[in-house]
Amino acid sequence: MPDARVRTRFAPSPTGALHFGSVRTALFAWLTARHAGGDIIVRIEDTDQERYIPGTEALILETLSWLGLDWNEGPEVGGPHDPYIQSLRIAIYREHANTLVAGGNAYWCTCTPARLAAMRDAQRAQSKPTRYDRRCLARQAEVAQERANGMAAVVRLLMPEGVTEWDDLVRGHVSFNNSDIDDQILLKSDGFPTYHLAVVVDDHLMEVSHVIRSDEWIPSTPKHLALYAAFGWDAPSFAHVPAVLGPDHQKLSKRRGARNVLEYGELGYLPSAIVNAIALLGWSSGDEQEVFTPEELCERFTLDRVNSAAAIFDPKRLDDLNGIHIRRMSTDELVEGLEFHLPGTSKETRRQLIPLLRERMVTLGDATRLCAPLLGEITLDADVEFPPKKVDQATAVAMIDACMAAIEAGGLEDQPALLEQLRAVGESRGVKARDAFRVLYVAVLGTAAGLPVIEAMAFLGKEKSLQRLREARARLG
RNA sequence: GCCCGCAUCGUCUAGCGGUGAGGACACCACCCUUUCAAGGUGGUAACCGGGGUUCGACUCCCCGUGCGGGUACCA
């Protein structure tokens, strides 16, 4: 059954970095392929010379790699259908456009952009749909002459009569009246194909079985189906996945704050958490599991459980998932992952810090802030009350004195005993341990929130701990 | 203007004619607790509106409304 092999593709255009919307589409295509044990192709759709932004294809590939969305064929890895960059395949599209013209399924058109604009304005003024009026179709001999004289020309699809319908894998049955569909330009006057021609030719040549793309392509699908029919090719299955919206309910776009996914990596978000979070944007497992490893997603994901409504991305959800994924990391993985966020630290240092950090990070980047008092000097913030609320001066002094005395006597060697000893000091004076300990937090860490203080002192060592306690003691007068 | 689509807590969603409308995030409270977290328990919170169909509608149909998308020699 070689024909049943699932082959999907992700076809970004190099017009900017990837955001959650585009990555989500890529993820669904990847999951569909991986779930079925099939292939995924990456293909760069750079047929628009105007919008091309140099360097972005490298950025896109880096993003996919970082997320763990590997591809079987495409840039960098090659494959049987090389090249996977459309600007390198121009001859193929031109040849196919000619075939369509020869078969009467497409025609040349020399109408100027100005005429087309005027035509549309007139149609709109009459409340009519704006579609090409086929002026050139009726005068092909003349058009041929004009072309010979060097006039700019395009190839248009001759949209057939009738109705186009398909069973979309996420939308269900979809149907269009062909009379509502324009005669799409297939070949531009600069010789480049439009998306519509290139995508159909490439998906067919590359044997793509499932076209998974964002739902803004739904109105174009009848054009694509008409092309498959004109070429005499079998059409692939289509799955149009809903858009991802920003907090403003607008479609995610580079403008308006849609961040490059790679930036999340720098902030300390994990690829597995991002993958988990965006998979949940439109897909659900059907049971109540919501935390998934990429492997689990590959196993569980199917397109028929993809929702058809647009989803708003919620950064809070990503934070939650990221914390969970961090807590599931092994110590070795954290030692590795924290290197970037705790620059200049040794593996051994990070290994010691991890037990204190693990439950307290939303992102790996939080380690920088949390560890600052341990890796450098503390900063005294005027907003921090000292002694803290609910603790009188005398008790604060007592806590610090007791702590210094205990540490002098080797108290850091036995942390549970030290804890009990200090707790007793506060309680003997009628102050709750939770309040009394704040004195030590501020003294040692400079703040009443953060890493656990006894463990922190153990990390700092006897001398440094004593020094901070002494300085705090002096501030109490 | 003209086409198309979507519609359950603030957010992501489950639901596929009969449910006390379930879960997760966020939020609130309490518990645990050396701070902060993490963890535990509980709570607030939703079927866009109007007509049908049906013994019975969140579920099916129609209309409206709202939102999204398309309408380019962009993808």
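None of the values given here were measured: they were computed from a predicted structure. Below, chain A is the first sequence line, B the second, and so on; all start at residue 1.
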Between [X] and [Y], do the side chains contain an N or O donor and an N or O acceptor separated by less than 3.5 Å?
X	Y	answer
A/Gln49	A/Asp190	no
A/Asp46	A/Ser87	yes
A/Glu146	A/Thr110	yes
A/Asn177	A/Ser179	no
A/Asp48	A/Tyr195	no
A/His325	A/Asn276	yes
A/Tyr269	A/Asp319	yes

Next item on the list: Give none if B/rC6 has no partner; otherwise give the nucleotide forming a Watson-Crick or G-U wobble pair with it, both distances under 3.5 Å.
Entry: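 Its partner is B/rG66 (Watson-Crick or G-U wobble, both distances under 3.5 Å).
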Item checked: Complementary nucleotide for B/rA29 - Watson-Crick or wobble, under 3.5 Å -> B/rU41
Nearest-Å distance once atom [atom1] is located in both [N] and [M]:
N	M	atom1	value
B/rG42	B/rG23	P	10 Å
B/rU8	B/rC47	P	11 Å
B/rC31	B/rC12	C1'	29 Å
B/rC9	B/rG22	C1'	12 Å
B/rU13	B/rC6	P	15 Å
B/rA29	B/rC62	P	47 Å
B/rC2	B/rC61	C1'	25 Å
B/rC58	B/rG52	P	15 Å

Sugar-phosphate, base or nothing in reach of [X], heavy atoms under 4.0 Å:
X	answer
A/Gly323	nothing
A/Trp217	base
A/Arg131	nothing
A/Gln126	nothing
A/Arg327	sugar-phosphate
A/Leu187	nothing
A/Arg213	nothing
A/Ala243	nothing
A/Ser189	base
A/Cys111	base
A/Ser13	sugar-phosphate
A/Leu281	sugar-phosphate

Margin query: Counting distance alone, no hydrogens or angles: does the base of B/rG39 have a donor or acceptor under 3.5 Å from a partner atom on the side chain of A/Glu359?
Written below: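 No.
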So, is [X] near the phosphate of [N], with a side-chain N or O under 4.0 Å from OP1 or OP2?
X	N	value
A/Lys188	B/rA75	yes
A/Arg124	B/rC2	no
A/Thr15	B/rA75	no
A/Asn307	B/rA14	yes
A/Arg328	B/rA38	no
A/Lys316	B/rC12	no

Check: Between A/Ala277 and A/Leu318, which is nearer to the 5' end of RNA chain B once each is assigned its nearest nucleotide?
Finding: A/Ala277
Note to self: Heavy-atom nearest nucleotide on RNA chain B for A/Ile218 versus A/Asp314: which residue maps closer to 5'?
What the structure shows: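 Upstream on the strand: A/Ile218.
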Distance check needed: [N] [atom2] versus [X] [atom1], whole Å only.
X	N	atom1	atom2	result
A/Glu165	B/rG5	CD	C1'	16 Å
A/Ile354	B/rA38	CD1	P	19 Å
A/Phe292	B/rA24	CZ	P	14 Å

Check: What's the spacing between A/Glu471 CD and A/Leu380 CG if we round to 0.5 Å?
Finding: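 Answer rounded to 0.5 Å: 8.0 Å.
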Item checked: Salt-bridge criterion met for A/Arg131 and A/Asp183 (N-O under 4.0 Å) -> no
Checklist line | Selection residues 432-455 of chain A - residue pairs positive for side-chain hydrogen bond (donor to acceptor under 3.5 Å, both in side chains), sequence neighbours left out | finding: none
Notebook entry, point to check: For A/Met159 and A/Thr164, what are the C-alpha separation, side-chain angles and deciding distance, and is it a side chain to side chain contact (heavy atoms under 4.5 Å, CB included)?
Noted result: CA-CA 11 Å; A/Met159 193 65 196; A/Thr164 300; 4.2 Å; yes
Go through [range] and report each residue with a non-hydrogen atom lying under 4.0 Å from RNA chain B, sorted by number.
range	value
residues 166-186 of chain A	A/Arg171, A/Phe176, A/Asp180, A/Ile185
residues 40-60 of chain A	A/Glu45, A/Thr47, A/Asp48, A/Arg51
residues 426-441 of chain A	A/Arg434, A/Phe437, A/Arg438, A/Tyr441

Next item on the list: Please work out whether the ring planes of A/Phe28 and A/Phe301 are parallel, tilted or perpendicular, with thresholds of 30° and 60°.
Entry: tilted
Checklist line | Validation row, ring centre A/Phe192 to ring centre A/Tyr93 under 6.0 Å | finding: no
Next item on the list: May I ask you to check whether A/Trp71 and A/Tyr84 place their ring centers less than 6.0 Å from one another?
Entry: no
Check: Can you check side-chain hydrogen bond (donor to acceptor under 3.5 Å, both in side chains) on A/Asn322 and A/Tyr264, steps first, answer last?
Finding: CA-CA 11 Å; A/Asn322 204 60; A/Tyr264 284 84; over 6 Å; no
Item checked: Donor-acceptor contact below 3.5 Å, side chain A/Gln140 vs main chain A/Trp108 ->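 Yes, the answer is positive, given that a donor and an acceptor are paired below the 3.5 Å cut-off.
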Next item on the list: Could you encode protein contacts along nucleotides 41-48 of chain B as a string, one character per nucleotide from 5' to 3', using B for base contact, S for sugar-phosphate-only contact and - for no contact, with a heavy-atom cut-off of under 4.0 Å?
Entry: --------
Taking distance alone, no hydrogens or angles, what donor-acceptor pairs closer than 3.5 Å link side-chain atoms of residues 215-228 of chain A to residues at least two apart or in another chain?
from: A/Asp215; atom 1: OD2; to: A/Arg171; atom 2: NH1; distance (Å): 3.3
from: A/Glu216; atom 1: OE1; to: A/Lys251; atom 2: NZ; distance (Å): 2.3
from: A/Glu216; atom 1: OE2; to: A/Ser214; atom 2: OG; distance (Å): 3.4
from: A/Thr221; atom 1: OG1; to: A/Arg213; atom 2: NH1; distance (Å): 3.2
from: A/Thr221; atom 1: OG1; to: A/Trp217; atom 2: O; distance (Å): 3.0
from: A/Thr221; atom 1: OG1; to: A/Ile218; atom 2: O; distance (Å): 3.4
from: A/Thr221; atom 1: OG1; to: A/His240; atom 2: NE2; distance (Å): 3.2
from: A/Lys223; atom 1: NZ; to: A/Gln184; atom 2: OE1; distance (Å): 2.7
from: A/His224; atom 1: ND1; to: A/Arg213; atom 2: NH2; distance (Å): 2.9
from: A/His224; atom 1: NE2; to: A/His196; atom 2: ND1; distance (Å): 2.8

